[in-house]
Amino acid sequence: MMSQNPNFKHPTLQLLEKCQTLHAIKQVHAHMLTTGLALHTYPLSRLLLFSSAVSIAYALSIFNQIPNPTIFLFNTLISSLVTNGGHNTYSVCSLYNRVLSHQTLKPNSFTFPSLFKAFGSDPWFQHGRALHTHVLKFLGSTHDHFVQASLLNFYAKCGRVGVSRYLFDQIREPDLASWNSILAAYAHSTSTECISSASNGCDSSLSLEALYLFKDMQRSSVRPNEVSIVALVSACANLGALIQGTWAHSYALRNNLKLNRFVGTALMDMYSRCGCLDLAHQLFDQLNERDALCYNAIIGGFAINGYGHRALCLYEKMKIEGIVPDDVTFVVTMCACSHAGLVEEGCKVFESMEEVYGIKPKLEHYGCLVDLLGRAGRLKEAEERIQTMPMKPNAILWRSLLGAASVHGNLEMGEVALKNLIQLEPESSGNYVLLSNMYASIDRWDDVNRVRKLMKDHGVNKMPGSSLVEIGVPCMSS
DNA sequence: CTAGGGTTAG
């Protein structure tokens, strides 16, 4: 057998690790077939792992030629699909079903973590719940940290932070990744559980709990690392808690944690959301590794805080540094142009998306474009963009146009926008109010009454009050 | 015996 000596690596497998292309993988595969290496589980698992990085289809075709795959090979393929495949959840399901329907195969503790990772988004929630019962069936009350952490993350990603907490409390001696999982769960906190009247999906009390959990972690035997800091800082950013965020920053420095791009991005986001653009920018300069996300954070920070020109400078710097912008880069950069009134620049950025970078504009990019043109009073162009865009415009776009029409006193455009808005959300009174206010502002009271009648005709009969719900931010002592 | 969980932006 080939794995008697743990340091032994078959030369063919060494070669396999260097393969960058499908062509090279195929050559090694052919060699493995002729030498009989492809009859053994471990070499096959390496082959699956490396080929899935290049071509999922090829990995699947290799797998389908294996006469009696072991659970080990199923696990290898499932995890490769989850990490390399992106949206292969259907293939992942069918592979897992093959395991279940097999007479002798049984899922083990290595099978579940990748599956929970694959099911960690809303459309797959019910699949993940079913899988949870499989954990109980096949593993009983397991104390496997990997299985427990993957379950915890699954429930958190589907908005069930309470379940995550329950599962975390079941873990006897949480390790670093378990702590980081629960910290991240609270820091990102989009809970669907406790629906309070003021809840809009981002509950600040959950972020606050992340701060308390960090304290608990410090009292435990596990030392926080960079990942822990990222969660802590994100929680502070959500709370707008500058003092605690700054403390987290200094904690990282005191404990010799690295200012990697993850920590850097989280800190920049925190500082800019707290209005400390100078600190965010200082940090940006200190980072010695920067990717598109670092740039997005600082460009977005400048954009939101009204420094459109500085944001654009950084966008240029990014291009000079040779960092390829992603779709978020275009959102934040166009937002910057919009706020600074740099219409031509913003349009150019939009056009360059597809022409230069081959990124198809999404709905939100059209949203930025309409906002950009609308603010500048170029309403006709904005409308044309909405009418000719390749996907169905949503209410946000029409509302943006309605708002712009209102600001620029363009009644015809306002009515066009409203007509479309009413079709998309006929029950929302806010849309009518916008138009009605527009007429009122120029003393066209007949039209105000006409809009009111329109509301009545659509069964919307309440003008909303203007009560803002104050969300009580709890007092923190540090 | 080999494999599996945690981090960044709007």
Side-chain angles (χ1 to χ4, degrees), chain A residues 1-6 8-9 13 40-46 48-49 70-80 82-83 107-118 120 142 144-154 156-157 164 167-168 171 174-185 187-188 222 224-234 237 257-270 272-273 280 287 289-301 303-304 325-336 362-365 367-368:
Chain A
M1 287 266 63
M2 50 207 41
S3 49
Q4 302 284 342
N5 174 0
F8 174 77
K9 218 179 227 170
L13 297 185
H40 301 277
T41 291
Y42 183 63
L44 270 174
S45 84
R46 303 301 287 176
L48 285 176
L49 184 70
T70 58
I71 187 64
F72 179 92
L73 285 172
F74 271 100
N75 291 347
T76 303
L77 185 64
I78 290 173
S79 89
S80 322
V82 174
T83 52
N108 62 19
S109 60
F110 287 82
T111 317
F112 293 108
S114 332
L115 288 170
F116 281 119
K117 203 175 177 184
T142 178
D144 186 297
H145 277 168
F146 288 79
V147 174
Q148 288 179 304
S150 65
L151 257 169
L152 190 167
N153 285 309
F154 160 73
K157 286 208 180 104
S164 297
L167 292 167
F168 177 75
I171 303 175
D175 62 6
L176 182 57
S178 309
W179 275 109
N180 288 342
S181 298
I182 195 66
L183 283 173
H188 295 130
V222 180
N225 71 348
E226 286 81 1
V227 182
S228 329
I229 296 300
V230 169
L232 180 63
V233 172
S234 315
L257 298 180
K258 273 177 68 182
L259 268 182
N260 62 24
R261 60 186 202 278
F262 298 97
V263 177
T265 306
L267 280 170
M268 284 191 290
D269 180 50
M270 185 274 296
S272 55
R273 281 212 248 168
L287 294 183
E289 45 165 6
R290 295 182 198 130
D291 60 5
L293 281 85
C294 299
Y295 269 97
N296 294 347
I298 192 73
I299 294 173
I304 298 296
D326 65 8
D327 58 331
V328 179
T329 312
F330 294 106
V331 172
V332 291
T333 306
M334 287 178 69
C335 173
K362 294 187 193 166
L363 194 61
E364 61 253 48
H365 299 108
C368 294

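Below, read A as the first sequence line, B as the second, and so on, with proteins coming before strands; counting in each chain starts at 1.
Counting non-hydrogen atoms under 4.0 angstrom, A:V263 reaches nothing in the nucleic acid. A:N153 comes within 4.0 angstrom of the backbone, heavy atoms only, and of no base. Contact annotation for A:T111: no contact, since no heavy-atom pair falls under 4.0 Å across all strands. As judged by a 4.0 angstrom heavy-atom cut-off over every strand, A:L176 is placed among the base-contacting residues. If you check every strand for non-hydrogen atoms under 4.0 Å, A:D144 touches a base. Residue contacts shown for A:E364 include a base, since a base heavy atom lies under 4.0 Å away. Backbone-only contact: A:S181 has heavy atoms under 4.0 Å from sugar-phosphate atoms and none from a base. Within 4.0 Å (heavy atoms only), A:S228 reaches no atom of the nucleic acid at all.
For A:H145, the side-chain hydrogen bond (donor to acceptor under 3.5 Å, both in side chains) criterion is met by A:D175, not counting sequence neighbours. Applying the side chain to side chain contact (heavy atoms under 4.5 Å, CB included) rule to A:L293 yields the partners A:D291, A:D326; only residues at least two apart in sequence or on another chain are considered. Scanning for side-chain hydrogen bond (donor to acceptor under 3.5 Å, both in side chains) contacts around A:K258 gives an empty result, with sequence neighbours left out. Partners of A:N153 according to the side-chain hydrogen bond (donor to acceptor under 3.5 Å, both in side chains) rule, which considers only residues two or more places apart in sequence or in another chain, are A:S181. For A:D327, the salt bridge (Lys or Arg N to Asp or Glu O under 4.0 Å) partners at least two apart in sequence or on another chain are A:K362.
Atom CE in A:M334 sits about 22 Å away from atom P in B:dA9, given to the nearest Å. Whole-Å rounding puts the A:R273 CZ to B:dA9 P distance at 7 Å. In this structure, the CG atom of A:N108 is 9 Å from the C1' atom of B:dA3, given to the nearest Å. Atom CG in A:L259 sits about 13 Å away from atom C1' in B:dT8, given to the nearest Å. In this entry the distance linking CD1 of A:I304 with P of B:dG10 reads 7 Å, nearest Å.
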Task: Derivation of the side-chain contact (heavy atoms from CB on, under 4.5 Å) call for A:L13 and A:Y42 - done: CA-CA 10 Å; A:L13 297 185; A:Y42 183 63; 4.2 Å; yes
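Heavy-atom minimum distance, A:L48 versus A:S80: O-OG, 4.4 Å.
Of the candidates B:dG4, B:dT8, B:dG5, B:dG4 carries the atom nearest the A:F110 side chain, counting heavy atoms from C-beta on.
Scanning residues 291-299 of chain A for heavy-atom distances under 4.0 Å to DNA chain B yields A:D291, A:L293, A:N296.
You cannot call A:F146 stacked on the base of B:dG5; the centres under 5.5 Å and planes under 30° rule is not satisfied. No aromatic stack links A:F262 and the base of B:dT8, using centre distance under 5.5 Å and interplanar angle under 30°.
One can find a donor-acceptor pair under 3.5 Å joining the base of B:dG5 and the side-chain atoms of A:S178.
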